[in-house]
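Counting starts at 1 for both ligands and their atoms, in listed order. The shown structure was predicted, so the numbers you read here are calculated from the model rather than taken from an experiment.
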Amino acid sequence: MIKLKNLIKSYITEDIKTTAINNIDLEINTGDFVSIMGPSGCGKSTLLSILGMLDSPCQGEYLFNDKDLAKLNESQLSEIRKANLGFVFQSFNLIDELTVFENVALPLMYNNADKSLQKERVNGLLERFDIAHRANHLPQQLSGGQQQRVAIARALATNPKLILADEPTGNLDSKNGEEVMKLLSELNKEGTTIVMVTHSDRDAQYGNKVIKLLDGKIHHSRPTEVLEVEC
Ligand code: ADP
Ligand code: ADP
């Protein structure tokens with residue numbers, strides 16, 4: 001699904017150059033569940049933003065389903081994003097003024113989906129994630145775990161092939177965190193490819209591959225079964 005070749009991303013602020021991603025090669029296959037780990041400042045968010053096509057590299061290649069993204073304009077990128085990607089954030093990023101139903105329906109509205117299809121899809125997701133009884137509530141009326149389930153439902157509304165999750169359990173207690181990880185794992189088993197940034201070795205175990213970044217480079221890349229879990 002994804003091939004990164006010799007990828008470099010630097011930022012220049014006030015004549016100081018920071019290389020956030022320093023020559024990364026990476027392949028992500030359909031069906032993978034990849035965890036990206038590493039200390040603060042090592043380039044995890046930058047890599048996730050590039051994978052999510054929200055930011056572009058300075059050098060190197062990003063092939064998504066064999067398409068070279070550097071050759072596409074912003075509206076073509078936006079089409080690829082809409083058709084393929086779902087985002088999940090640490091801070092949920094729900095819209096406070098919209099109900100649970102409306103939050104989940106948002107990506108379908110952007111895609112101009114038929115109203116009855118929107119209703120069917122959103123209600124199906126809310127039921128699956130056990131939040132249907134909260135459809136008309138506002139995000140602030142929900143627990144953190146429920147809010148993240150709403151956020152995942154929203155990410156899934158358009159049936160994306162790839163979910164990019166930035167510390168999805170970072171603001172949750174361990175019980176709710178585990179529920180969210182089980183949900184992501186289930187989605188992965190159903191075929192959704194997942195790339196997740198995490199600080200938790202335990203969360204990383206839900207995936208099949210772990211990439212450890214250090215100073216913008218891949219320090220280790222290995223299947224999860226060789227990792228030891230720290231509890
Ligand atoms: P992580 O997510 O692992 O904490 P980041 O990808 O956020 O790492 O950052 C990697 C490096 O790039 C850091 O040194 C950070 O300060 C720098 N950086 C990230 N975003 C910007 C930006 N917009 N402008 C300048 N420097 C940035
Ligand atoms: P943090 O992990 O620090 O809480 P977020 O998970 O909120 O950060 O955001 C991670 C990255 O995704 C950032 O680079 C940010 O610019 C981008 N981002 C955040 N919210 C959105 C959004 N609603 N749509 C698109 N990109 C976003």
Side-chain angles (χ1 to χ4, degrees), residues 1-28 32-64 69-70 72-74 77-78 80-81 84-94 144 147-148 151-152 155 160 162-172 177 180-181 184 188 193-224 227-230:
M1 180 182 268
I2 287 174
K3 278 193 193 125
L4 305 182
K5 287 188 203 158
N6 304 117
L7 206 83
I8 296 180
K9 175 73 184 179
S10 310
Y11 296 102
I12 296 175
T13 30
E14 293 169 11
D15 293 340
I16 298 172
K17 185 172 166 188
T18 309
T19 302
I21 297 294
N22 190 1
N23 209 359
I24 279 184
D25 289 309
L26 179 62
E27 280 195 31
I28 297 170
D32 269 349
F33 187 159
V34 178
S35 303
I36 301 173
M37 302 188 78
S40 184
C42 70
K44 303 181 295 297
S45 296
T46 303
L47 181 57
L48 208 64
S49 298
I50 291 175
L51 288 172
M53 306 170 200
L54 302 168
D55 205 351
S56 49
C58 303
Q59 279 181 50
E61 242 179 6
Y62 178 0
L63 303 179
F64 187 85
L69 298 190
L72 306 181
N73 61 32
E74 190 44 51
L77 281 179
S78 163
I80 295 192
R81 261 199 309 265
N84 294 281
L85 308 187
F87 294 90
V88 176
F89 304 96
Q90 177 178 3
S91 42
F92 321 133
N93 290 5
L94 297 172
Q147 288 187 52
Q148 192 59 301
I152 295 173
L162 172 64
I163 288 192
L164 297 162
D166 193 351
E167 293 188 56
T169 68
N171 281 340
L172 301 178
V180 161
M181 286 313 303
L184 290 175
N188 175 247
T193 307
I194 299 180
V195 179
M196 169 181 79
V197 166
T198 181
H199 286 291
S200 156
D201 282 328
R202 208 162 7 161
D203 287 358
Q205 287 297 317
Y206 285 88
N208 65 320
K209 202 188 274 177
V210 174
I211 290 167
K212 290 210 175 174
L213 294 185
L214 190 63
D215 302 332
K217 289 179 190 289
I218 295 182
H219 186 56
H220 286 304
S221 170
R222 52 189 174 182
T224 38
L227 271 187
E228 284 176 28
V229 193
E230 283 170 36

> Checking side-chain contact (heavy atoms from CB on, under 4.5 Å) against Pro57, which of Ile24, Asn6, Leu7, Leu4 comes through?
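Of Ile24, Asn6, Leu7, Leu4, side-chain contact (heavy atoms from CB on, under 4.5 Å) with Pro57 is met by Leu7 alone.
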
> Name all pairs fulfilling the salt bridge (charged side-chain N to carboxylate O under 4.0 Å, His left out) condition that reach into residues 32-41, sequence neighbours left out, sorted by first residue then second.
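As it turns out, the salt bridge (charged side-chain N to carboxylate O under 4.0 Å, His left out) pairs with a partner in residues 32-41, which skip direct neighbours, are Asp32-Lys209.
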
> Does the side chain of Thr46 reach to within under 4.5 Å of the side chain of Tyr11, using non-hydrogen atoms?
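Of all side-chain heavy-atom pairs linking Tyr11 with Thr46, at least one is under 4.5 Å.
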
> Tell me whether Lys9 contacts the main-chain N or O of Ser56 through its side chain, where contact means a donor paired with an acceptor under 3.5 Å.
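Flag set: sc Lys9 to bb Ser56 pair under 3.5 Å.
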
> Within the side chain of Ser78, is there an N or O that forms a donor-acceptor pair under 3.5 Å with the backbone of Glu74?
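No: the side chain of Ser78 does not pair with the backbone of Glu74.
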
> Assign the ring pair Phe64 / Tyr62 to parallel, tilted or perpendicular, where the plane angle (0 to 90°) is split at 30° and 60°.
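Ring orientation, 0 to 90° scale: perpendicular.
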
> Near ligand 1, which residues have a heavy atom under 4.0 Å away from one of its atoms?
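Contacting ligand 1 under 4.0 Å are Tyr11, Thr18, Ala20, Pro39, Ser40, Gly41, Cys42, Gly43, Lys44, Ser45, Thr46.
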
